[in-house]
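Read through the structure below, which is laid out as structure tokens, and then see the notes.
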Amino acid sequence: MEIAANTAPVITIGSAKEFADKEVTIRGWLYGKRSSGKIHFLLVRDGTGIIQAVVVKAEVTPEVFELSDKLTQESSIIVKGKLRLDGRAPGGVEMTVTDLQLVSLAQDYPIGRKEHGPDFLMNNRHLWLRSSRQHAIMKIRSTVIKSVRDFLDSNGFILIDAPILTPAACEGTTTLFETDYFGDKAYLTQSGQLYMEAAAMAFGRVYCFGPTFRAEKSKTRRHLTEFWMVEPEMAYCDLEENMAIQERFVAYIVRQVLEKNADELKILERDIELLLKVEPPFIRLSYDEAVDIIKKGGVEIEWGDDFGSPQETYLMEQFDKPVFVYNFPAAVKAFYMKRHPERPELAVCSDLLAPEGYGEIIGGGQRSDDLEYLLEQIEVHKLPKDAYEWYLDLRRYGSVPHGGFGLGIERTVAWICKLDHVRETIPFARMLTRIYP
RNA sequence: UCCGAGGUAGCUCAAUGGCAGAGCCACCGGCUGUUAACCGGUAGGUUAGAGGUUCGAAUCCUCUCCUCGGAGCCA
């Protein structure tokens with residue numbers, strides 16, 4: 001590199017304030033440019049932030065000034081200059097350029113600094129990720145994932161990865177992506193839960209974290225065909241304890257984002273008032289109570305129905321913090337759910353609904369620990385018993401009450417960031433009509 | 001799969017049966033403090049595709065394709 005680092009240390013823009021009044025080198029890309037004739041204002045980004053670098057004609061060589069005039073958006077550059085604290089600069093610090101080196105001149109950059117439609121931006125997702133709004137979202141996603149791991153790791157959970165290629169449906173309800181497995185059929189996982197039950201019997205408290213695949217033809221702002229889910233599972237655990245862990249878990253995640261990503265929430269113009277209310281205890285409603293509330297609100301529902309979108313939306317409008325709805329009718333839940341001992345028409349389970357219209361972010365509950373009941377359910381649901389023998393073994397060899405839950409990362413991030421679509425919460429979204437880039 | 005909205009310049013949009021336009025981007029010129037800078041100029045079009053109605057179609061009709069939103073299903 002022509003600009004020698006030893007004459008001015010290479011720094012990141014994120015740490016620029018610490019180098020006020022010092023000459024430094026910044027390696028990055030041109031985010032934007034303005035000119036006023038004999039002064040050029042270069043907005044330089046390096047992944048850690050954006051800084052304005054000022055090129056004054058009278059203070060640099062003619063070559064440097066001409067080069068700065070010709071720079072195109074997203075050209076990669078190395079700038080050297082003196083940092084100054086300046087109230088006029090958005091980040092509070094600004095650079096007066098002394099030297100400038102072009103690394104690569106960008107061709108016409110497709111993403112301008114004006115409005116674009118979602119289709120265009122998603123087609124250019126690989127470039128869209130460079131924008132500051134997407135940076136904010138990805139940083140928050142990163143915090144959410146770290147918080148998930150930190151919380152579980154420090155609460156006695158062991159990370160046990162579940163397989164992604166699976167021989168059969170976990171739940172038998174949703175559509176799976178099929179793939180060829182040396183002449184046999186295999187499917188991309190739609191949940192690691194059954195494997196986590198095996199792991200919980202081995203380790204007590206476990207979780208898996210990874211991508212999940214659903215081949216459903218859902219076309220809504222809440223659906224992806226590939227999304228990330230964390231699935232904790234706990235041996236010797238009842239629904240009360242399960243929900244208690246969930247609310248501490250979600251509260252911890254939100255608190256971490258509020259602490260670590262204040263700048264990012266500001267970029268997203270997120271009103272944090274409602275996030276500050278995400279502290280235990282959350283609201284707890286039985287399915288019976290929830291149906292009463294929905295009925296009183298004049299929204300159509302019959303006892304026994306699963307919640308559709310209008311029902312869920314109405315229910316959440318009544319509260320400004322997350323809500324557990326527990327003990328749903330067993331008929332609308334998966335075959336492995338434990339039945340309520342006094343009311344066998346109910347499953348011992350819960351969903352956690354996020355406020356502000358974001359809906360279900362967690363689904364969970366007690367798994368049946370009774371061998372006879374599971375054999376019966378496998379028959380009723382017409383599932384291939386052979387494929388579940390290993391799962392049934394868990395009830396043959398030291399069965400215990402156990403439960404767990406699954407939290408969807410993208411829906412959680414969408415809620416915390418208050419985005420109107422989950423497609424912005426994952427770097428490269430896979431959706432019904434999109435697998436590029 | 002069903003319901004609704006839409007497809008016009010690279011991007012965001014206007015033109016509703018009568019000359020296809022604007023802003024941004026690009027390019028050229030001007031400007032020593034700009035904040036999505038501003039000012040002047042240049043370039044840019046098979047109006048998604050096919051067919052039809054009409055003197056005349058971006059505009060009306062039919063079909064196809066694509067996108068967006070919603071439903072169902074779910075995290």
Side-chain angles (χ1 to χ4, degrees), chain A residues 31-43 50-60 65 69-70 72-74 84 86-91 94 96 106-124 127-128 131-133 170-171 173-176 189-193 209 211-231 305-313 332-334 351-354 358-364 405-415 420-423 425-426 431-434:
Chain A
Y31 193 68
K33 187 177 75 177
R34 288 178 288 270
S35 170
S36 182
K38 299 198 173 51
I39 295 186
H40 297 147
F41 301 94
L42 310 179
L43 285 174
I50 295 177
I51 192 168
Q52 178 161 275
V54 185
V55 185
V56 180
K57 189 173 185 180
E59 297 174 20
V60 295
F65 192 75
D69 186 45
K70 284 189 176 155
T72 52
Q73 191 183 353
E74 287 302 325
R84 278 178 290 106
D86 193 321
R88 291 173 293 188
E94 199 174 74
T96 302
Q107 302 174 21
D108 275 7
Y109 189 69
I111 300 180
R113 301 189 65 200
K114 285 236 174 179
E115 273 178 58
H116 294 288
D119 186 45
F120 176 80
L121 289 170
M122 289 305 286
N123 282 333
N124 289 285
L127 303 175
W128 190 21
S131 73
S132 51
R133 193 183 149 80
C170 284
E171 308 185 11
T173 53
T174 49
T175 320
L176 296 156
T189 182
Q190 61 174 349
S191 167
Q193 185 208 309
F209 177 59
T212 299
F213 307 87
R214 304 275 165 94
E216 288 170 340
K217 301 203 168 178
S218 299
K219 278 179 71 172
T220 79
R221 63 183 68 205
R222 301 182 306 281
H223 288 87
L224 299 168
T225 53
E226 177 182 315
F227 64 97
W228 287 67
M229 186 156 67
V230 57
E231 295 178 278
D305 294 345
D306 201 357
F307 295 164
S309 191
Q311 289 79 21
E312 200 175 278
T313 303
V332 301
K333 290 293 176 183
D351 284 354
L352 181 66
L353 308 179
Y358 284 89
E360 187 180 349
I361 55 169
I362 287 181
F405 61 95
L407 174 132
I409 295 295
E410 287 76 16
R411 285 189 182 177
T412 302
V413 174
W415 161 50
D420 57 14
H421 202 300
V422 292
R423 67 187 155 210
T425 65
I426 187 164
M431 295 184 290
L432 181 58
T433 60
R434 182 173 299 282

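Quick note on labels: first sequence line is chain A, next is B, and so on, each numbered from 1.
The partner of C60(B) is G52(B), judged by Watson-Crick or G-U wobble contacts that both fall below 3.5 Å. Taking a pair to require two hydrogen-bonding distances under 3.5 Å in either a Watson-Crick or a G-U wobble arrangement, U32(B) remains unpaired. Of all nucleotides present, none satisfies the Watson-Crick or G-U wobble test against A15(B) with each distance under 3.5 Å. With a 3.5 Å ceiling on both atom-pair distances, the Watson-Crick or G-U wobble partner of C27(B) is G41(B). Base-pair partner of C68(B): G4(B) (Watson-Crick or G-U wobble, both distances under 3.5 Å).
Using a 4.0 Å heavy-atom criterion, one finds that E94(A) contacts the bases of the nucleic acid, with or without backbone contacts as well. No contact: G32(A) has no heavy atom under 4.0 Å from any strand. Using a 4.0 Å heavy-atom distance criterion, E410(A) is classed as making no nucleic acid contact. Among the heavy atoms of the strands lying under 4.0 Å from R84(A) is at least one base atom, whether or not backbone atoms are also near. Residue D306(A) is classed as a sugar-phosphate contact, given heavy-atom separations below 4.0 Å to backbone atoms only. Using a 4.0 Å heavy-atom cutoff across all strands shown, G359(A) reaches no nucleic acid atom at all. Heavy atoms of I409(A) sit nowhere under 4.0 angstrom from any nucleic acid atom. At the heavy-atom level, K219(A) lies under 4.0 Å from base atoms of the strands shown.
C73(B) atom C1' lies 14 Å from atom CG of L224(A), rounded to whole Å. Counting to the nearest Å, the P atom of G10(B) and the CD atom of Q73(A) are 18 Å from each other. One atom, CD1 of I51(A), and another, P of U34(B), lie 18 Å apart when rounded to the nearest Å. For K217(A) and C68(B), the NZ to C1' distance is 18 Å, given to the nearest whole Å. One interatomic measurement links the two molecules: CZ of F41(A) to C1' of C38(B), which rounds to 12 Å at whole-angstrom precision. Put simply, CG on L432(A) is 11 Å from P on G69(B), counting in whole angstrom units. Straight-line distance from the CG atom of N124(A) to the P atom of G10(B): 14 Å, rounded to whole Å. Rounded to a whole Å, the CG atom of D119(A) is 16 Å from the C1' atom of U8(B).
In this structure, the side chain of R214(A) engages the main chain of Q190(A) through a donor-acceptor pair within 3.5 Å. Between the side chain of E410(A) and the backbone N or O of W228(A) there is at least one donor-acceptor pair closer than 3.5 Å. The backbone N or O of I111(A) sits less than 3.5 Å from a side-chain atom of Q73(A), completing a donor-acceptor pair. Without hydrogens or angle criteria, T72(A) side chain to Q107(A) main chain gives no donor-acceptor distance under 3.5 Å. Remark: the backbone N or O of S309(A) is not paired with any side-chain donor or acceptor of E312(A) at under 3.5 angstrom. A side-chain donor-acceptor contact under 3.5 Å links R411(A) to the backbone of R222(A).
For the P atoms, the distance from A14(B) to C60(B) is 14 Å, rounded to whole Å. Spacing of P atoms, A9(B) relative to A5(B), comes out at 22 Å, to the nearest Å. Straight-line distance between the C1' atoms of G44(B) and G21(B): roughly 13 Å, to the nearest whole Å. Between C25(B) and U12(B), the two C1' atoms lie 11 Å apart (nearest whole Å). With both ends at atom C1', the span from A26(B) to U62(B) equals 40 Å, rounded to whole Å. Remark: the separation of the C1' atoms in A22(B) and G45(B) is 15 Å, to the nearest Å. The separation of C39(B) from A57(B), taken at their C1' atoms, amounts to 39 Å, rounded to a whole angstrom. The P atoms of C24(B) and G17(B) are separated by 30 Å, rounded to the nearest whole Å.
In this structure, P110(A) and A58(A) both approach RNA chain B, and ranking their closest nucleotides by distance from the 5' end singles out P110(A). Nearer to the 5' terminus of RNA chain B, by closest-nucleotide assignment, is the contact made by S35(A) (compared with the other of T433(A) and S35(A)).
The base of C73(B) is paired with the side chain of S218(A) by a donor and an acceptor separated by under 3.5 Å. For H223(A) against C74(B), a side-chain N or O and a base N or O form a donor-acceptor pair under 3.5 Å. Taking 3.5 Å as the limit, the base of C31(B) and the side chain of R34(A) contain no donor-acceptor pair of atoms between them.
Using the six-membered ring where Trp is involved, F65(A) and H40(A) have ring planes that are parallel, under 30° apart on the 30 and 60° scheme.
Between R434(A) and C66(B) there is no side-chain polar atom (N or O) within less than 4.0 angstrom of OP1 or OP2. OP1 or OP2 of U32(B) has not a single side-chain nitrogen or oxygen of S36(A) nearer than 4.0 Å.
With centroids closer than 5.5 Å and planes inclined by less than 30 degrees as the test, F227(A) and the base of A75(B) pass as a stacked pair.
Between D69(A) and K57(A), none of the side-chain N atoms (NZ, or NE/NH1/NH2) sits under 4.0 Å from a carboxylate O, so this pair counts as no salt bridge.
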